[in-house]
Student: 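Here's a structure for you.
Heavy atoms only: backbone and side chains are in, while hydrogens, waters and symmetry mates are out.
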There are 4 protein chains.
Amino acid sequence: MSSNQATPASRTVGKKGRAGELRKRLFETRALSRTLAAPLSDEDQVVQAMEDASPTKWHLGHTTWFFESFLLAELDTSYKLFDEDFAYCFNSYYEGKGERHPRPFRGLLTRPGADAVRAYRAHVDEALDRFLGENVDDATLDIVELGINHEQQHQELLLTDILSLFASQPLRPAYRKAALAAADKSYPAKYIAFEGGVAEAGHVGDGFSYDNEGPRHEVLLHPFALADRCVTKGDWLDFMADGGYETPALWLSDGWATVREQGWRAPLYWEEHDGEWRQMTLAGMRPIDPAAPVAHLSYFEADAFARWSGKRLPTEFEWEHASETTEDNGPTLGSEAYRPSPAGKPDGSLKQMFGDVWEWTQSHYSPYPGYEPPKGAVGEYNGKFMCAQFVLKGASCVTPDGHSRRTYRNFFYPHQRWQFTGLRLAENR
Amino acid sequence: MSSNQATPASRTVGKKGRAGELRKRLFETRALSRTLAAPLSDEDQVVQAMEDASPTKWHLGHTTWFFESFLLAELDTSYKLFDEDFAYCFNSYYEGKGERHPRPFRGLLTRPGADAVRAYRAHVDEALDRFLGENVDDATLDIVELGINHEQQHQELLLTDILSLFASQPLRPAYRKAALAAADKSYPAKYIAFEGGVAEAGHVGDGFSYDNEGPRHEVLLHPFALADRCVTKGDWLDFMADGGYETPALWLSDGWATVREQGWRAPLYWEEHDGEWRQMTLAGMRPIDPAAPVAHLSYFEADAFARWSGKRLPTEFEWEHASETTEDNGPTLGSEAYRPSPAGKPDGSLKQMFGDVWEWTQSHYSPYPGYEPPKGAVGEYNGKFMCAQFVLKGASCVTPDGHSRRTYRNFFYPHQRWQFTGLRLAENR
Amino acid sequence: MSSNQATPASRTVGKKGRAGELRKRLFETRALSRTLAAPLSDEDQVVQAMEDASPTKWHLGHTTWFFESFLLAELDTSYKLFDEDFAYCFNSYYEGKGERHPRPFRGLLTRPGADAVRAYRAHVDEALDRFLGENVDDATLDIVELGINHEQQHQELLLTDILSLFASQPLRPAYRKAALAAADKSYPAKYIAFEGGVAEAGHVGDGFSYDNEGPRHEVLLHPFALADRCVTKGDWLDFMADGGYETPALWLSDGWATVREQGWRAPLYWEEHDGEWRQMTLAGMRPIDPAAPVAHLSYFEADAFARWSGKRLPTEFEWEHASETTEDNGPTLGSEAYRPSPAGKPDGSLKQMFGDVWEWTQSHYSPYPGYEPPKGAVGEYNGKFMCAQFVLKGASCVTPDGHSRRTYRNFFYPHQRWQFTGLRLAENR
Amino acid sequence: MSSNQATPASRTVGKKGRAGELRKRLFETRALSRTLAAPLSDEDQVVQAMEDASPTKWHLGHTTWFFESFLLAELDTSYKLFDEDFAYCFNSYYEGKGERHPRPFRGLLTRPGADAVRAYRAHVDEALDRFLGENVDDATLDIVELGINHEQQHQELLLTDILSLFASQPLRPAYRKAALAAADKSYPAKYIAFEGGVAEAGHVGDGFSYDNEGPRHEVLLHPFALADRCVTKGDWLDFMADGGYETPALWLSDGWATVREQGWRAPLYWEEHDGEWRQMTLAGMRPIDPAAPVAHLSYFEADAFARWSGKRLPTEFEWEHASETTEDNGPTLGSEAYRPSPAGKPDGSLKQMFGDVWEWTQSHYSPYPGYEPPKGAVGEYNGKFMCAQFVLKGASCVTPDGHSRRTYRNFFYPHQRWQFTGLRLAENR
């Protein structure tokens, strides 16, 4: 997900209007990163629990380096780099921007310290404030908008990475305490039918989008139906009780190999104590809430569950097409729930589409017809990740508000499960 | 490729006619396996050079076990197993058929010996001959036809696996000597254009096909053009000379990581001696033939070459659609070339479509809409491999004659390259 | 080295005198740990750069847990554990003390935080102060003395582990700035001869020692000579210039395999920039000082150098016997040099014997005749490490003052080199 | 064990006499290798079951290459190499003899085939016969004697490597069928006491020995006693029943880590079926014979058993000294038992000292004082393996007759257990 880059967009308001709006959003976004890091000690911010995750401090530095490197250093002739070594420390994977500190060792960077990174953020924010007071051309604003979206992605990662860190510690600390939720089981999912035919998919228009969401193009859909809610933890307990993790016929070949190698018996962060399952969450260890969407699933698990159910996962185009029937924007980061929430009562509409959990689709992540990556290092790359990953749609309970849209294509490898990833079932009609 | 299973088919001729034809093909196929093994010593037949490959003896035993297990043991009540332990030794991956010897250790099986496996083949062939003399029902014939196709797949693997073994040996032995080919460079590829629109894809009708080739369904194509020939070794030398293996911007992210980890500098089996490239082939070490299609490429390399060329790989549906304009069936195993051959002169048609090299497409290997795997162990599985692999179309110089068709979907992981895998370029129109 | 445990000892002074002396040393030792951690940020204290090393915070917690667990929890009935979870976090390897956090993941422990560990230290220090005001029996004092020595070992590790962390960071920070040393080459080593015969080795008497230093026993020595100084960095540059790292005949078989796998071309922490070697030290990146002892060598390197020199490494008994001719206590931690120092001028005596660098011997680390480990968890174990390691004698520039003695047996695996480990040559006479 | 090289020796008989005797032994030894390979198919002879083991064909080729390379190619000016590529294929580890095929891939060498290797043996044997008819100088005879001893070592390895191969196969084939042995438990071991004092150890005199057996030197022994028989399988079942494999306090730290990583629950080749233990042997799967010495133990297991018994392992010098009281030469290869045999009845002497199983000592494998490896490639090396291994004394049931002596030092890493390795207990007196 950290790889999404932008197609310049959202130019519907006038130039002045756009500039003002983006400046406001920029500094709100920058402030939100600080807010998210606030409950964490400097120690919490430096450690990396696994290769896929990054330390909080690195996220704070990297998002700042993005503005410094792609905007200030390129467009602001009076700008002085805060520290020449920071590019090496905080470049993620932009080959076009030179050598960089290897990802698996991001957790070794005790220097620069958290204080220095906070000073770096302040320095860049000041420079941005000054520069944007004088420059409102589209090239500048396009980078600003891309940087905002980029930082939002890292805000989600910051939280999922902290969860992976806290889950690895014997004390199982809470990022943020929360009241216990009610725990009834959810209602049986209802399927909402859609006709097939030629539909359009992919981004179009003035709003912001990443390059991988286009070009908009026609797709053929066959008649299908989509469950009105996500699969819940209660559903998942049924799958487990029925031997889901012990039945090879339910699994993809690679999935079954992973189950055996990793010893998977439940979703990530679930732990069994004295015969009872509990779950590590951003609020610490908690009972399982059977009515809430199950999260922290790999594609392999989502696919096996669908097979066990006699259903299937939707394609990314089915999901996108169906999403046009709902305005539901589900609980995202602004709700401060920090966990998926029950769907409530059935009402004939698709629920939980843009919040709670990212939903695995059966679509491999591939380029749309006519796709071309943008030029230059900033265009590195959505394209270079288009291999052996799967598309997820929607948004999660820790996706920043305003960051989701129907055409958004999130993507992960089929074995990865440290994000808030779940599923919604589909069937043929 | 070893995972393809069948949809019962080819019932156009009358029952008697079909039975006779299939018996003939069955024993020709069985004989061909013996012929292919003939140049090999018993020692050659027992060793496994790498995990992806299997020993010749194992291929000979496994294809025999397939007939014994799915046909004789299930339908012939008078049949006695040749040896009860052989099911454990020669089951490949059929979870529904019980425990089995692990794939990475197939090369440890010095017992049963090659003699015993030859006796096993004779025993099963006799039983098949007798049983098929009396049974011509469709259920039986469907298994026969599936078994023929299954054995053909293993014939191709037998040869590519022997090449991997011989290439790993210091003496670089030849499977079969051959004369040197002429070595001029090929003509520049010409692009043949196709209109877009709704087309049909996937298998239909009475002929044999695997389950993963259906159901036939409509697909949307955008206007495109396809090169009339495969990319050649001469083209590949240009790519290498231009720094293809040293330029990260040309590569998928996973591909670049693989290039660096594996130290790739050329296709598999190419070796540099004193500044000159040579290639290990089934005829031993040979000079590079610049006019012949390049083979033994990973998807990563095919994709990087396409990007370097300013072109792209075709989708599987573009390839299938375009293939309908040609009857060319290219040199396959019956040609006894054992290597890809130059395309000859341009003639306005697509050349080398069904021979020489399997052609990587940009299509991830996914189920067609409405796909369901067949019931029972014999239906294990095309479905279970539908994850993170890519589709290849056509056939290679070691594909048995009659084994290819337009709808055939071969598939491998993007890093694999011990098959005769190459590419043909496409472009948008 | 973290595994050394004690034989109760040092009871020459009267009971009161011993109690007073040990209390003084105890709190001085406890204070020194705080002093050593003072230049480090909380972030520096939490991260683990490699499996062999531990975070500073862990050292601070573990040495405190040692006093809590082996003294207060066992002998002080009024003592309340600071936190029940800390035993799990800070046990190193004592199987007899229950489950513990795995060593490779010590660097994940952001909680308990550095503040909590400081509070833990204060809590335990207070309890020790109170308890020792009332209890001066030998059993108590023996644990105190053992705990002091144990904490001193961890003080040395704290510094070598911080060096490994700082060396892994792109900014190469300094633990403590220092002036540049003069850089002439040292004088040629002179060999001091010793007669052979039956000698005694191993600890005896009232002073403190670890269990692995006894029982004192007779050993047979053959006539030998020992170099009067350690091998220097200048000597090492000669070895490198002569192809030392490229000549297989100089190396043990396992050593040569390690050189090739790890790509060793110089001692640990040496880096080549533009053809010039520099070294990462506790004072940051520094030029090579040719007159100073070379450090951060594996046994493999020390052994290869000796072979290249036409000499050999001494045995542990030769070293111990020879050491009786000198009172030299070399620069240790109290000198605040934090690096090995030149030997000065030859004076006919063995120099640098108890400071600068630990000296590899050719002796595998084995039990002395009649050795028995002490009973109980506190006696875990020197014995359990007596396999495939080698003995080092002397002390290093970061060994706490008063922690070395002639009979001390330090030990590491032959590939390890993150300690201040060097060598002194021997020869037969 | 494959690394032992020789000190020229056995010159007591006159030159003619020595020459005649060595020629006889040479061709007997060469014939024995053929005999040992006779029960094996060509397939059995090509495969390598694990990195530590080598294929039979490789042993046959390597021992032949040894004579070709160190004798014929160096001393016989008329000799023509059988095949120039064979040196690459069959060099084991002699860096001084040029590049070689890597050990882990010896099992890939289907070419040269077994027939070619048999022809190679015949070619070299003929050349040796002719050359030795004319040359009887000591330099020549020293190489012959070394080559004989070298080939004997490989004869033992050939059998233990075949056992490792057959044990890895589902059919568990027998190398050679054998009658069932009686299965009573052995008598309780009796301890035979020895006084301490200065003793001599190491080889002296005219007989053949390897370089690592000298120089003969004085050693100090403390009073000790040695069990009169080896530890039996019955003893081992008691250890297992008492939780030996589940009790960390019994194990060396590295040993316990190995037990857990490898899941060890019994000696190598023991398998539990329905609650009963059986053992894979050169005669196939067999019941456990409780009276026979336990074999296929690592040092870790031998050491843990000794600790559990309240005893210890002997040192290599204790064993050598004690061995002077017995002429017992125990069952070795000539007995054709191919397995350890019960000790019979106690008779006041040390039994099973030179047969049945190699006996682990507590002595790390280190050079004797004054040890120098011989010059040149033939002197590669005993020295280069003197690191982190342990000495074993005696001989095993598959050691060729006449290959053992009191001063022989076999050596393996502490985790290795595919040889016939067992133990005899010692205690202090």
Student: Measuring only between side-chain heavy atoms, which start at C-beta, is B/R312 closer than 4.5 Å to A/P367?
Tutor: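 No, too far: nothing below the 4.5 Å cut-off.
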Student: What's the shortest heavy-atom distance between B/V198 and A/L220, and which atoms?
Tutor: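 What the structure gives for the nearest pair is CG1-CD1, 4.3 Å.
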Student: So, for B/G383 and A/L252, which heavy atoms are closest and what is the spacing to 0.1 Å?
Tutor: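 Heavy atoms of B/G383 and A/L252 come nearest at O-CD2, 3.4 Å.
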Student: Just so I understand: if I count every heavy-atom pair under 4.5 Å between each of B/P369, B/C387, B/G255 and chain A, which residue has the most?
Tutor: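 Looking at each option in turn, the highest pair count goes to B/C387.
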Student: Checking A/F224 against chain B: side chain, backbone, both or neither under 4.5 Å from a heavy atom?
Tutor: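 Contact with chain B involves no heavy atom of A/F224 at all.
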Student: Does a sphere of radius 6.0 Å around CZ in A/R429 hold more than 12 heavy atoms from other residues, nucleotides or ligands, not counting ones at 6.0 Å or beyond?
Tutor: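 Enclosed: over 12 neighbouring heavy atoms sit under 6.0 Å from CZ of A/R429.
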Student: More than 12 non-hydrogen atoms from neighbouring residues, nucleotides or ligands closer than 6.0 Å to CD on B/E195, yes or no?
Tutor: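 Not more than 12 within 6.0 Å, no.
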Student: Keeping A/H364 on the side-chain end and B/A388 on the backbone end, is there a donor-acceptor pair under 3.5 Å?
Tutor: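 Side chain of A/H364 to backbone of B/A388, a donor-acceptor pair under 3.5 Å: yes, one is there.
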Student: To the nearest 0.5 Å, how far apart are CG in A/D303 and CE in B/M386?
Tutor: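 Rounded to the nearest 0.5 Å, the CG-CE separation comes out at 11.0 Å.
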Student: Any idea which of A/S253, A/P414, A/S363 has the most non-hydrogen atom pairs under 4.5 angstrom with chain B?
Tutor: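 Answer, by heavy-atom pair count under 4.5 Å with chain B: A/S253.
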Student: Answer with side chain, backbone, both or neither: which region of B/Y413 has an atom nearer than 4.5 Å to a non-hydrogen atom of chain A?
Tutor: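 Just the side chain, heavy atoms under 4.5 Å.
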Student: Could you measure the distance from the OG atom of A/S366 to the CZ atom of B/F390? Nearest 0.5 Å is fine.
Tutor: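 Going from the OG atom of A/S366 to the CZ atom of B/F390 covers 6.0 Å.
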